[in-house]
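Take a look at the structure set out below.
Along the sequence shown, the residues carry numbers beginning at 1. All values derive from a computational prediction rather than experimental measurement. These values consider heavy atoms only, across backbone and side chains, with no hydrogens, waters or symmetry-generated copies.
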Amino acid sequence: MAVRPVLRMGHPHLLRVAEPVSEFDTPELHAVLQDMFDTMAARNGVGLAAPQIDINLRIVIFGFDQNPRYPEAEPVPQTVLINPQIKVLDQAQEPGWEGCLSVPGLRGLVSRYQHIRYSGYDALGQRIEREVSGFHARVVQHEVDHLDGLLYPRRMGDLSQFGFVEELEAARNPA
Ligand code: NI
């Protein structure tokens, strides 16, 4: 059980394409997942990808009931998703604010597909398949991007909507 350091934007390992997991339900895999959950909880994350703790495997976790960093987001079930795949069900995209534990203190407005089906495997190797929309779909797209070496600023079209959380909140709620 350990909270691991989270790599920050600029670290070259965040740019790698991660490797598929080939063996499930191993002590090594369970240990990686425990460290990921401990690290996500310690940082109030809504999701985390293994490359963020410098593990080059196609593993993401996500989920929360209530999150102080996204107080208005609807709950997302706690999920381990290994070797994920995303199918876009509707080409419609929607802008939404995203942060990332690898880009601390900042937020950006990012367009994501609203409606997707995702699939993959849990820690035991059992298949998961879900059709989701809204914030749930956004979180999955954000986390899966990490496995392909992509951080959300590279998904942004308009960098004027990228800034420090405190400044963005002050601008939205003038005193
Ligand atoms: Ni992230």
Could you state the interatomic distance from [atom1] ([X]) to [atom2] ([Y]), rounded to the nearest 0.5 Å?
{"X": "E72", "Y": "Q66", "atom1": "CD", "atom2": "CD", "value": "10.0 Å"}
{"X": "R155", "Y": "L150", "atom1": "CZ", "atom2": "CG", "value": "5.0 Å"}
{"X": "E169", "Y": "R172", "atom1": "CD", "atom2": "CZ", "value": "6.0 Å"}
{"X": "I59", "Y": "L29", "atom1": "CD1", "atom2": "CG", "value": "5.0 Å"}
{"X": "M36", "Y": "I53", "atom1": "CE", "atom2": "CD1", "value": "6.0 Å"}
{"X": "E94", "Y": "L109", "atom1": "CD", "atom2": "CG", "value": "10.0 Å"}

Quiz item: Has R112 got its NZ or CZ under 6.0 Å from the middle of the six-membered ring of W97, at an angle within 45 degrees of the ring axis?
Solution: no

Exercise. Could you please spell out the steps behind the side-chain contact (heavy atoms from CB on, under 4.5 Å) verdict for E98 and M156?
Key: CA-CA 10 Å; E98 293 185 18; M156 292 185 63; over 6 Å; no

Close side-chain approach of [X] and [Y], heavy atoms under 4.5 Å:
{"X": "P51", "Y": "L147", "value": "yes"}
{"X": "F37", "Y": "I61", "value": "yes"}
{"X": "T39", "Y": "Q52", "value": "no"}
{"X": "Y113", "Y": "Q91", "value": "yes"}
{"X": "L106", "Y": "Y152", "value": "yes"}
{"X": "I116", "Y": "K87", "value": "no"}
{"X": "H136", "Y": "P77", "value": "yes"}

Is a side-chain donor or acceptor of [X] paired with a backbone partner of [Y] at a separation under 3.5 angstrom?
{"X": "E167", "Y": "F164", "answer": "no"}
{"X": "S111", "Y": "Q93", "answer": "no"}
{"X": "T26", "Y": "F24", "answer": "no"}
{"X": "Q34", "Y": "H30", "answer": "no"}
{"X": "N83", "Y": "P20", "answer": "no"}
{"X": "D35", "Y": "A2", "answer": "yes"}
{"X": "R138", "Y": "V110", "answer": "yes"}
{"X": "R117", "Y": "L89", "answer": "no"}
{"X": "N67", "Y": "N44", "answer": "yes"}
{"X": "S119", "Y": "I128", "answer": "no"}

Closest approach of [X] and [Y], non-hydrogen atoms and distance?
{"X": "R69", "Y": "C100", "result": "NH2-N, 3.9 Å"}
{"X": "P104", "Y": "L101", "result": "CD-O, 3.8 Å"}
{"X": "L14", "Y": "M9", "result": "CD1-N, 3.7 Å"}

Strictly by modelled atom types, are [X] and [Y] linked by a side-chain donor-acceptor pair under 3.5 Å?
{"X": "T79", "Y": "R130", "result": "yes"}
{"X": "D54", "Y": "H11", "result": "no"}
{"X": "S133", "Y": "Q114", "result": "no"}

Quiz item: Does D148 come within less than 4.0 Å of R154, counting only side-chain N to carboxylate O?
Solution: no

Quiz item: Is the shortest distance from a Lys or Arg side-chain nitrogen in D38 or R43 to a carboxylate oxygen in the other one below 4.0 Å?
Solution: no

Give a yes or no on whether [X] atom [atom1] has more than 12 heavy-atom contacts from other residues, nucleotides or ligands under 6.0 Å away.
{"X": "E131", "atom1": "CD", "answer": "yes"}
{"X": "E74", "atom1": "CD", "answer": "yes"}
{"X": "N173", "atom1": "CG", "answer": "yes"}
{"X": "Q85", "atom1": "CD", "answer": "no"}
{"X": "E129", "atom1": "CD", "answer": "yes"}
{"X": "R8", "atom1": "CZ", "answer": "no"}

Find out if a path of hydrophobic residues (ILVMFWY) with successive side-chain heavy-atom gaps under 4.5 Å connects [X] to [Y].
{"X": "V144", "Y": "L57", "result": "no"}
{"X": "V21", "Y": "Y121", "result": "yes"}
{"X": "I55", "Y": "V80", "result": "yes"}
{"X": "L168", "Y": "V103", "result": "no"}
{"X": "V139", "Y": "L151", "result": "no"}

Quiz item: How are the rings of F62 and Y118 set to each other: parallel, tilted or perpendicular (split at 30° and 60°)?
Solution: perpendicular

Exercise. Carefully, step by step, assess L48 and V60 under the rule side-chain contact (heavy atoms from CB on, under 4.5 Å).
Key: CA-CA 6 Å; L48 189 76; V60 302; over 6 Å; no

Practice problem: Verify side-chain contact (heavy atoms from CB on, under 4.5 Å) between I86 and Q141, making sure each step is shown before the conclusion. | Solution: CA-CA 8 Å; I86 291 177; Q141 289 169 83; 4.1 Å; yes

